[in-house]
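Just so you know, these numbers come straight off a predicted model, no measurement behind them.
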Amino acid sequence: MRFEQTEFELIKEMIRAYTWAERTMHTKLDIIHESLQEKEDLCPISHIHGRIKKTESIADKLAKLGFELTAKNAKEQIKDIAGIRIICPYAKDIVFMVDMLKELPDCEVVSEKDYVTNPKSSGYRSYHLIINVSVFHSGKTEKLPIEVQLRTEAMNFWATLEHQAKYKYKNQIPQHLSDELIICADKISELDNRMYLIHEIISLINEE
């Protein structure tokens with residue numbers, strides 16, 4: 001799917017603003033990351049990744065949602081044009097970071113989905129936030145949405161594998177593979193919890 005030329009030019013201009021919003025959010029997170037590294041024995045952030053959807057992906061998503069391919073519809077209907085993924089060492093760190101994100105200045109959490117406590121039927125685990133970020137451009141301040149995902153390394157590895165399977169089988173993953181992914185997701189969750197328990201034991205020993 002492709003935008004017509006006029007809409008394509010509008011989309012390119014719109015994406016430029018979303019890019020500035022992503023950079024603004026990324027900078028805020030980088031500052032948090034650096035400050036926590038100075039204060040915490042184990043920083044609750046391992047990695048931060050940002051991305052902007054390509055025009056082809058925006059067009060495909062609009063078509064899938066049943067909307068005409070226009071820049072206006074893209075802005076109104078798609079809330080993950082800009083995205084940031086925060087990888088945390090442990091599942092407990094996700095809760096800490098969500099609370100911190102809610103306190104960020106010039107940012108407003110407009111929706112959240114906790115797939116860590118309530119995983120999808122596929123086994124997918126992650127915490128999703130849609131955060132409006134204030135961006136100054138073209139002589140005005142505008143609030144643009146950014147999807148922020150928080151996962152552990154293990155959750156991210158699983159999500160990457162599931163994405164590969166969906167791509168390979170065009171979103172029609174065979175049942176036996178789907179079942180295996182669910183089993184792996186449960187084991188990963190258990191592993192995350194056990195690793196955190198070991199971390200807590202080690203911390204207590206060090207305090208002694």
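Within the 4.5 Å cutoff, the side chain of D114 has no heavy atoms near those of the V98 side chain. Considering only heavy atoms from C-beta on, E76 stays 4.5 Å or farther from T70 through its side chain. Using a 4.5 Å heavy-atom cutoff, the side chains of F3 and I58 are in contact. Counting only heavy atoms from C-beta outward, the side chains of M100 and L36 approach each other to under 4.5 Å. Taking 4.5 Å as the limit, some side-chain heavy atom of M155 sits within range of a side-chain heavy atom of I94. Within the 4.5 Å cutoff, no side-chain heavy atoms of Q149 are placed close to those of N156. You'll find the side chain of K72 stays beyond 4.5 Å of the side chain of E7, heavy atoms only. A 4.5 Å side-chain heavy-atom check between K102 and E112 finds at least one atom pair inside the cut-off.
Cluster annotation: Y115 is connected to I188 through the hydrophobic network of ILVMFWY side chains, with a link wherever side-chain heavy atoms come within less than 4.5 Å. Under a hydrophobic clustering in which Ile, Leu, Val, Met, Phe, Trp and Tyr are joined whenever their side-chain heavy atoms come within less than 4.5 Å, directly or via other members, I130 and L101 fall into different clusters. The hydrophobic cluster containing Y127 does not contain I87, counting ILVMFWY residues as joined when their side-chain heavy atoms lie under 4.5 angstrom apart, directly or transitively. Hydrophobic clustering places V148 together with V109 (ILVMFWY residues linked when any side-chain heavy atoms are closer than 4.5 Å, directly or through intermediates).
The closest donor-acceptor contact from the side chain of H26 to the backbone of I84 lies at 3.5 Å or more, if one exists at all. Here the side chain of T152 pairs no donor or acceptor atom with the backbone of P89 at under 3.5 angstrom. Remark: side-chain polar atoms of D93 are paired, donor with acceptor, to backbone N or O of Y90 under 3.5 angstrom. A distance-only check finds a donor-acceptor pair linking the side chain of R51 to the backbone of I81 [under 3.5 Å].
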Given K75 and L10, is the side chain to side chain contact (heavy atoms under 4.5 Å, CB included) satisfied, shown in steps?
CA-CA 11 Å; K75 191 170 186 178; L10 292 172; over 6 Å; no

Might you work through the side chain to side chain contact (heavy atoms under 4.5 Å, CB included) test for N73 and L65, ending with a clear yes or no?
CA-CA 10 Å; N73 282 340; L65 292 171; over 6 Å; no

Could you walk me through whether Y18 and M14 pass the side chain to side chain contact (heavy atoms under 4.5 Å, CB included) test, one step at a time?
CA-CA 7 Å; Y18 276 90; M14 186 182 78; 3.6 Å; yes

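Salt bridge status for K61 with D80: present, with a side-chain N to carboxylate O gap under 4.0 Å.
Applying the side chain to side chain contact (heavy atoms under 4.5 Å, CB included) rule to V95 yields the partners D99; only residues at least two apart in sequence or on another chain are considered. Applying the salt bridge (Lys or Arg N to Asp or Glu O under 4.0 Å) test to E56 and every residue at least two apart in sequence or in another chain returns nothing. When the salt bridge (Lys or Arg N to Asp or Glu O under 4.0 Å) test is applied to E9, the partners found at least two apart in sequence or on another chain are K12. Residues meeting the salt bridge (Lys or Arg N to Asp or Glu O under 4.0 Å) test with K120, sequence neighbours left out: none.
Of the inter-residue distances, the one linking I52 atom CD1 with S57 atom OG reads 12.0 Å to the nearest 0.5 angstrom. Between the CE atom in M97 and the NE2 atom in H33 there is a gap of 9.0 Å [rounded to 0.5 Å]. Remark: S126 OG to I86 CD1 distance equals 10.0 Å, nearest 0.5 Å. Going from atom CG of L150 over to atom CD1 of I48 covers 10.0 Å, rounded to the nearest 0.5 Å. To the nearest 0.5 Å, the span separating CD1 on I78 from CZ on F67 amounts to 9.5 Å. In this structure, the separation between CD on E108 and NZ on K143 is 5.0 Å, given to the nearest 0.5 Å.
No hydrogens or angles considered: a donor-acceptor pair under 3.5 Å links the side chains of R151 and Y124.
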Let me check something: any side-chain donor-acceptor pairs from residues 176-187 under 3.5 Å, sequence neighbours excluded? List them with distances.
from	atom 1	to	atom 2	distance (Å)
D179	OD1	Q175	NE2	2.7

Donor-acceptor pairs are to be reported for all side-chain atoms of residues 162-174 against protein atoms at under 3.5 Å, with residues two or more places apart or in another chain.
from	atom 1	to	atom 2	distance (Å)
E162	OE2	S122	OG	3.4

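When all heavy atoms of L69 and A63 are compared, the closest pair comes out as CD2-N, 4.0 Å. When every heavy atom of W20 is checked against every heavy atom of V135, the shortest pair comes out as CB-CG1, 3.9 Å. For the residue pair A154 and D192, the shortest heavy atom distance occurs at CB-OD1, 3.9 Å. Annotation for I131 and C107: closest pair CG2-CB, 3.7 Å, computed over non-hydrogen atoms. The minimum heavy-atom distance between E68 and L62, with the atom names listed, is O-CD1, 3.9 Å. Closest non-hydrogen pair, I15 versus K53, comes out as CD1-O, 4.0 Å.
Summarising the local packing, NZ of K79 is surrounded by more than 12 heavy atoms from other residues, nucleotides or ligands at distances under 6.0 Å. More than 12 heavy-atom neighbours from other residues, nucleotides or ligands sit within 6.0 angstrom of CZ on F136.
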